[in-house]
Amino acid sequence: MSGSNPNPGLMMNPASPQAGAEGGPWDVRGVGLLGLGEVGTIFGAALARVGLPRRVGWDLKLVPGHPEGSEVRARATAAGVEPCGDVAGLCAQADLIVCAVTAAQTVAAAQQAAAHLRQGTWWLDLNSASPAAKQQAAAWIEGAGGRYVEAAVMTSVPPYGIRVPMLLGGPHAQGLRPLLQSWGMDVQVASERLGVASATKMCRSIMIKGLEALVIESYTAARHYGVEEAMLATLRETFPGVDWEGQGSYFFQRVAQHGRRRAEEMREVARTVREAGLEPVMAEAIARKDDWMADASAAGALRDVQPKAAWRAWADALLAARSVNGSMSVHGGV
């Protein structure tokens with residue numbers, strides 16, 4: 001690919017593409033889903049329901065020989081998304097690309113697509129990445145003649161689906177907003193400056209992902225000592241508005257399913273905090289905890305726990321894995 005990444009500064013607008021006037025958002029007939037995980041397939045299925053005529057998708061796991069390729073292909077097809085052969089094929093058919101890859105791949109995905117992007121293509125970046133990473137991704141897309149819009153997804157996509165609340169940002173955000181709303185999306189423009197929406201999301205994640213990590217560590221340790229009922233009683237007394245049983249179970253379920261993805265996001269959060277001149281003590285600790293949970297799952301410690309099980313089942317599985325050698329059999333410990 002020709003050219004080099006200009007590495008723009010934080011929250012500065014990248015240059016608008018020369019072809020930015022080519023077609024408005026109402027000319028969108030085909031949407032490409034770059035990333036066919038949970039978010040990509042949920043969005044693909046929703047766009048099929050609203051009658052969008054062309055929905056195509058690509059995922060790194062569709063590379064020939066990947067062990068999960070067949071599963072990803074079947075999931076995409078079930079969602080009404082036609083898998084493409086590569087990124088070039090996706091770009092050739094899409095007027096708007098929804099980028100929903102892992103946080104660590106935000107810039108790489110934009111860089112790879114930029115080599116094949118058609119002039120005027122809209123790029124909606126849903127990834128949980130730092131403001132600087134969004135800036136770098138925008139530079140690649142805009143430099144290739146695309147129209148970049150950052151999106152900060154402000155809560156878990158399930159059970160909202162395509163109606164999940166999102167903040168948009170960048171000079172093209174206001175132009176794309178009406179189309180997204182016509183599809184049923186709950187979107188608001190945070191700022192014309194790139195990075196504002198992302199910074200909002202990143203700072204929120206310290207609290208939300210931090211609560212998840214605290215609950216997992218606190219509840220599991222309490223379960224070990226047999227004091228979980230007494231501990232929960234004090235939590236209910238101090239914070240009576242929180243369903244500590246139900247919320248605790250939900251936290252265990254989500255981190256068990258998406259621990260690795262959360263760890264990547266928290267490393268982007270740490271980058272965000274560091275860019276502010278602060279030490280990301282909490283963000284880095286949360287990333288380690290999420291990785292620890294992902295390692296436990298990968299090691300098979302959670303294989304017998306039902307996806308919607310109450311938190312005690314998850315905690316017991318973690319404690320059982322720890323008791324094999326008298327210490328947690330995956331790194332980190334409780």
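Each residue takes its place number in the sequence, starting with 1.
- Within 6.0 Å of CD on Gln188 lie no more than 12 heavy atoms contributed by other residues, nucleotides or ligands.
- For the pair Phe251/Leu214, no side-chain contact is recorded, criterion being any heavy-atom separation below 4.5 Å from C-beta on.
- Here Leu319 contributes atom CG and Arg223 contributes atom CZ; the two are 8.0 Å apart, rounded to the nearest 0.5 Å.
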field: Trace of the side-chain contact (heavy atoms from CB on, under 4.5 Å) decision for Trp58 with Leu33
entry: CA-CA 6 Å; Trp58 167 250; Leu33 288 307; over 6 Å; no
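- Residues forming a side chain to side chain donor-acceptor pair (under 3.5 Å) with Glu68 (at least two apart in sequence, or on another chain): Lys61.
- Around atom CZ of Arg236, more than 12 heavy atoms belonging to other residues, nucleotides or ligands sit under 6.0 Å away.
- For Glu217 and Lys289, the salt-bridge test passes: some basic side-chain N is under 4.0 Å from an acidic carboxylate O.
- Thr220 has its side chain out of reach of Trp314: every pair of non-hydrogen atoms, C-beta onward, lies at least 4.5 Å apart.
- The two residues Ala222 and Glu228 come nearest to each other via the heavy atoms O-OE1, 3.4 Å.
- Closest approach of Ala110 to Trp123, counting heavy atoms only: CA-CZ2, 3.8 Å.
- Of all non-hydrogen atoms in Ala151 and Leu168, the two that sit nearest each other are CB-CD2, 3.9 Å.
- Ion pair Arg73/Asp59 not flagged as a salt bridge, since none of the NZ, NE, NH1 or NH2 atoms sits closer than 4.0 Å to an Asp/Glu carboxylate oxygen.
- For the side-chain contact (heavy atoms from CB on, under 4.5 Å) with Glu150, the qualifying choice from Ser198, Pro131, Ser191 is Ser198, the only one to do so.
- Taking CE of Met207 as the reference point, atom CD1 of Ile286 lies at 9.5 Å (rounded to 0.5 Å).
- A side-chain donor from one of Glu142 and His172 sits under 3.5 Å from a side-chain acceptor of the other.
- None of Ile208, Val269, Asp290 except one satisfies the side-chain contact (heavy atoms from CB on, under 4.5 Å) rule with Arg262; the exception is Asp290.
- The side-chain contact (heavy atoms from CB on, under 4.5 Å) test with Trp244 is passed by exactly one of Thr238, Leu232, Thr234: Leu232.
- Looking at heavy atoms from C-beta onward, Arg254 lies in side-chain contact with Ser156 at the 4.5 angstrom threshold.
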message: Let's go through Glu38 and Gln257 carefully: what are the C-alpha distance in whole Å and the side-chain angles of both, what is the deciding distance for side-chain contact (heavy atoms from CB on, under 4.5 Å) to 0.1 Å, and is it a yes or a no?
response: CA-CA 11 Å; Glu38 180 182 62; Gln257 184 180 8; 4.0 Å; yes
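- Salt bridge absent: Glu264 and Arg260 never bring a charged side-chain N and a carboxylate O closer than 4.0 Å.
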task: Let me see the working for Met166 and Leu126 under side-chain contact (heavy atoms from CB on, under 4.5 Å), right down to the final yes or no.
output: CA-CA 9 Å; Met166 292 191 291; Leu126 268 58; 4.2 Å; yes
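- A distance-only check finds no donor-acceptor pair linking the side chain of Ser218 to the backbone of Val215 [under 3.5 Å].
- Within 6.0 Å of OH on Tyr250 lie more than 12 heavy atoms contributed by other residues, nucleotides or ligands.
- No side-chain N or O of Glu268 forms a donor-acceptor pair with one of Ser128 less than 3.5 Å apart.
- Of all heavy-atom pairs spanning Gly40 and Ala100, the tightest one is N-CB, 4.4 Å.
- Between Arg177 and Glu192 no salt bridge is recorded (no basic side-chain N to carboxylate O distance below 4.0 Å).
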task: Assess whether salt bridge (charged side-chain N to carboxylate O under 4.0 Å, His left out) is satisfied between Asp291 and Arg267, documenting all intermediate values.
output: CA-CA 11 Å; Asp291 267 334; Arg267 282 188 280 274; 2.8 Å; yes
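- Across every non-hydrogen atom of Leu117 and Gly146, the tightest pair is CD2-CA, 3.8 Å.
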- request: Report the C-alpha distance between Trp183 and Val31 in whole Å, list the side-chain angles of each, state the deciding distance to 0.1 Å, and finish with yes or no for side-chain contact (heavy atoms from CB on, under 4.5 Å).
  value: CA-CA 12 Å; Trp183 290 342; Val31 170; 3.7 Å; yes
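- Although no hydrogens or angles enter the test, the distance criterion places a donor-acceptor pair under 3.5 Å between the side chain of Arg75 and the main chain of Leu36.
- For Lys134 and Asp125, the salt-bridge test passes: some basic side-chain N is under 4.0 Å from an acidic carboxylate O.
- Between Ala317 and Leu302, the shortest heavy-atom distance links the atoms CB-CD2, 3.9 Å.
- A heavy-atom distance below 4.5 Å is found between the side chains of Lys201 and Glu265.
- With hydrogens and angles disregarded, a donor-acceptor distance shorter than 3.5 Å links the side chain of Arg204 to the backbone of Met154.
- Taking 4.5 Å as the limit, some side-chain heavy atom of Asn127 sits within range of a side-chain heavy atom of Val101.
- For the pair Arg29/Leu52, no side-chain contact is recorded, criterion being any heavy-atom separation below 4.5 Å from C-beta on.
- At least one side-chain heavy atom of Phe252 sits less than 4.5 Å from a side-chain heavy atom of Met293.
- One finds a salt bridge joining Glu275 and Arg271 here, because a Lys/Arg side-chain nitrogen approaches an Asp/Glu carboxylate oxygen to under 4.0 Å.
- Listed by first and then second residue, the salt bridge (Lys or Arg N to Asp or Glu O under 4.0 Å) pairs involving residues 92-109 are Arg54-Asp95, Asp95-Arg118 (not counting sequence neighbours).
- Both tests hold for Arg147 against Trp122: distance to the six-membered ring centre under 6.0 Å, angle to the ring axis within 45°.
- Between Ser205 and Met266 there is a side-chain heavy-atom pair separated by less than 4.5 Å.
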